[in-house]
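Only one structure is covered here, and it is reproduced in the block below.
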Amino acid sequence: MLSVRTAAGQVFALQVVLVALLASAAVIALVLQARGASLEEARDRSLVGAQTFARAPGTLEAMKSSDPTALLQPRAEEARKGSGVDYIIAFDTEGFRWTHPDPDLIGKHVVGSYAEALGGHVHQETYDTPGVGRAVDSMVPVFDTDGSVAGLVSVGIKVKSVNAAVVDQLPMIFGAAGGALLVAMAGSALVSRRLLHQTHGLGPAEMTRMYEHHDAVLHSVREGVLIIDDDARLLLANDEARQLLELPEEAEGRPITELGLAPGTADLLGSGRTADDEVHLAGDRLLAVNMRPVDSYGKGPGSVATLRDSTELRTLAGRAEVARERLQLLYDAGVRIGSTLDMVRTTEELAEVAVPQFADYATVELLDAVQRGEEPDGASLTMHRTAMCGVRDDHPLYRVGERITFLPTMPQARGLRDGRAVLVPELRAAPDWQALDPERAQRIVDFGLRSMISVPLQARGVVLGMVGFYRSDKEPFTEDDLSFAEELAARAAVCIDNARRYTREHATAATLQRSLLPRTLPEQSALEVAYRYLPAQAGVGGDWFDVIPLPGARVALVVGDVVGHGLHAAVTMGRLRVAVHNFCALDLSPDELLRHLDELVARIDQGEPGDGEGEGMLGATCLFAIYDPSSGSCSIARAGHPGPALVHPDGTVSFPEVPVSPPLGLGAGLPVETAELQLPEGTRLALYTDGLIEDRRRDLDTGFALLGEALARSGQDPEQTCQAVLDAMLPARPGDDIALLVARTRLLDPDQVAEWEVPADPAAVSRIRAACARRLETWGLDEVAFPTELILSELVTNAIRYGTEPIRLRLLHDRSSLICEVADGSSTSPHLRRAKTTDEGGRGLFLVARFAQRWGTRYTPHGKVIWTEQSLHDAAAAPGGATGDELLDQWTDLEL
């Protein structure tokens, strides 16, 4: 090992020299470090001593006294001896000493710079001090109460004291250096012995020649070579293997698992098994690995691995993977975008699909006309942001709902003009993009957004809006991304345009539907009514309701539902509602009205078959009820419609049995049955369509049960009842229209009704007229007494002359009207005509029509009723300005 001929001997000699030099350098460095540490400690001690003495109680007062030396010198000497410093000198602002270890120097002027201390700062310096020698000095000011400097304190430690401390540490330093030298020598000897064993005593020349041969063979091949021992440690790796696997510098001798390799590659290299062209990923390279076991010259089995770079295959595979991901994203876009016909939701789906697979942030803006469902008249540069999605929520981009006006020079405007996607690869270097709002643009850049693609949303040649894609964490966009962004935007634009067209059609249908439904409820005193109508989110439907005043203070309640949705259902609903009003003008009973309505619907279905764009009506349902406040009776008939619910005055809820007939249009002439209900005053009658009780998440029985519970919990007011029912039963997304009508019954007071049996004798007319006059006087209706008597005379006379017994007269004093009814057993109906000048009669009904607000005929199972209604708001006047006496003089009772 000590022979300099061998490589081991030469290495040992070199190590001895190096260790000696390093030990000497370490000793010198330690000495210098110790001296520097001692000087620094001296500075700290002197500074602490100076600050402590300067701030000590009594120091300022002593400096301001008439004899500072007498007070400060004893304290300074005591502090110097106690702290171990070499001097404490106090002097005034002009530099004359008050204290000094050498009393002869007291009162002498200080030589040196103390201007910094007079300025209120600490001054530290090493210099020669008179009477002391070279010392480390710290000088601090003593401040007066007004902030001025009253004096200075200087504390110093001799440099000799610092050096003495360093000398005291030399034995320990040299001892440590000697010990380290011995340990290093022993380590060098062990290393050299190991090297001698491994080199087999070869000299440098022999080893160089062997290495050159090894290097020529190992490093000239273009495949990576690894030699691994039986403990899965790396023994050798050539340059190609280091480059392919990106091995660390000191890789040899370390376990394979500690080299930072991919798990699959590390498992293969450490297994020692045979492998043929197994493909493994190493960073961005694709490697083909071959493994063979070998014998390591008596050291146990090992293995050798060769690596071949297959990155080109990896590149091709990567491009194929990118293409697959893009296709998958386009497939996801086709599935997810346009799941609803809501434009805002469609834009949100577009942004959600793009983030984070394609972009880190995505924004969508639409033109105002598009949002309203209208056809855009051009590519306006003013839009509203409708959707925003990003990997973070604290971004500085414009928020949803904000209005944005792009400048003509901006990339977005260029994209709109050209109809193509625009790429901004580096936002920081794009001044045109920052022109709209430079401050916000700077925040966006500072936030980390680096790259942008802006794509106009176009469908059927019309620009609808714009979508923007931004990247921050991903690699910036490239030209290859433009075609994909355009394809994604094109697919979304078609869905947005479909939603726009649907919005326009839905708005048109909703407007039509609103115009066909009642705007306000008519005035009447029989019922207190409240209603709710909620159209389905899927589109307008054919549900309707109505409140129709009838003669005799009665009121008709109607609730119906046309099968289907859309314009066809809304228009058909309007036609049926008009038909119901017309049938009510004939004063038909509920069963008769539904029979006529059934025939009408059947004729509509037969005359309007499906035209290829939609189906016929296929029927409708309806519930029709007539309530009479004079008796409290309610006649109800229904055709395929849910029955009513009753909330009795005591709060109990019931669902009365009302015979059900087939839906309208499907009755095929079958009879319609009517249910007669007697409703006490204060009873609430709830009529509704099936959208209220039917839902996909519950069955019909559950719906009825929930309705009953909601009605039982509601207040007495119909408005409160409507709200309570909707709060309890309204689904989140109604799939069908909902119409709810709640009516609370009222009864006419018996004093408001007067009835007389009329004998079939013309002489009884005057008696009946007199009795009616007395009743009108009792009611305080003197202003309408004359026209009422005239009307009654005509109606009663006609009943006696042309009708059959029994004849009855009834007066109803309603809140705002006076109703006269004359009933007889005949089914003949009078007709209004204009009499000629030569006719002796035929003017009675003409006068009735002139004095009454309205009049008509109602048929009953036992005859008919002729009725008139007079308004009490305006007193009736005789036609042509004639007085009552003048009119009566023209006709006798018999002629009337």
* Nearest-0.5 Å distance that lies between atom OG in Ser303 and atom CG in Leu268 -> 9.0 Å
* To do: Drop me the distance from Arg273's CZ to Asp267's CG, to the nearest 0.5 angstrom.
  => 9.0 Å
* May I ask you to decide if Val344's main-chain N or O and Asp342's side chain share a donor-acceptor pair within less than 3.5 Å? => yes
* Hey, what do you get for CD (Glu365) to OG1 (Thr382), rounding to the nearest 0.5 Å? -> 11.5 Å
* Asked: Which pair of heavy atoms, one from Glu223 and one from Asn238, lies closest together, and at what distance?
  -> O-ND2, 2.9 Å
* Asked: Between Lys474 and Pro356, what is the shortest heavy-atom contact and its length?
  -> NZ-O, 2.6 Å
* **Evaluation steps, salt bridge (charged side-chain N to carboxylate O under 4.0 Å, His left out), between Arg420 and Asp418** => CA-CA 5 Å; Arg420 300 297 301 274; Asp418 301 338; over 6 Å; no
* Give a yes or no on whether the backbone of Gly253 and the side-chain of Arg233 come within a donor-acceptor separation of less than 3.5 Å. => yes
* Asked: Can you check whether Leu416 reaches Leu381 side chain to side chain, under 4.5 Å on heavy atoms?
  -> yes
* Asked: Between the side chain of Asp229 and the main-chain N/O of Asp231, is any donor-acceptor distance below 3.5 Å?
  -> yes
* Asked: Does Asp230 use its side chain to pair, donor to acceptor, with the backbone of Gly302 at less than 3.5 Å?
  -> no
* **Over all atoms of both residues, closest heavy-atom pair of Gln371 and Met343** => O-CE, 3.2 Å
* Within-4.5 Å side-chain heavy-atom neighbours: Thr274 and Met291 -> no
* Asked: Between Arg440 and Tyr398, is NZ or CZ placed under 6.0 angstrom from the six-membered ring centre and within 45° of the ring axis?
  -> yes
* Arg443 CZ to Leu397 CG distance, which is reported to the nearest 0.5 Å -> 10.0 Å
* To do: Name the orientation class of the two ring planes belonging to Phe358 and Phe477 (parallel below 30°, tilted from 30 to 60°, perpendicular beyond 60°).
  => tilted
* Is there a donor-acceptor contact under 3.5 Å from the side chain of Arg460 to the main chain of Asp497? -> no
* Considering all heavy atoms of both residues, which atom of Arg242 and which atom of Pro248 are nearest to each other, and what is their separation? -> NH1-O, 3.2 Å
* Side-chain donor or acceptor of Arg471 paired with backbone N/O of Leu449 under 3.5 Å -> no
* To do: To the nearest 0.5 Å, tell me how far Arg345 CZ sits from Thr386 OG1.
  => 11.5 Å
* Taking all non-hydrogen atoms of both residues into account, name the closest pair between Leu423 and Thr478 and its distance. => CD2-C, 3.7 Å
* Do the side chains of Asn290 and Arg308 get nearer than 4.5 Å, heavy atoms only? -> yes
* Measure the SG-NE2 distance between Cys389 and His395 for me, rounded to the nearest 0.5 Å. => 9.0 Å
* Asked: Hey, is the main chain of Glu439 close enough, under 3.5 Å, to the side chain of Gln442 for a donor-acceptor pair?
  -> no
* To do: Answer yes or no: is there a donor N or O on one side and an acceptor on the other, between the side chain of Gln124 and the main chain of Arg43, under 3.5 Å?
  => yes
* Return the minimal non-hydrogen interatomic distance between Tyr470 and Ala359, and the atom names on each side. => O-CB, 3.4 Å
* Is Arg403 paired with Asp368 through a side-chain N to carboxylate O contact shorter than 4.0 Å? -> yes
* **Donor-acceptor pair, side chain of Glu252 and main chain of Leu235, under 3.5 angstrom** => no
* Below 4.0 angstrom, N of the basic side chain to O of the carboxylate: do Glu487 and Arg491 qualify? -> yes
* Any donor-acceptor pair under 3.5 Å linking the side chain of Arg292 with the backbone of Ala275? -> yes
* **Donor-acceptor side-chain pairing of Asp432 and Thr409 below 3.5 angstrom** => no
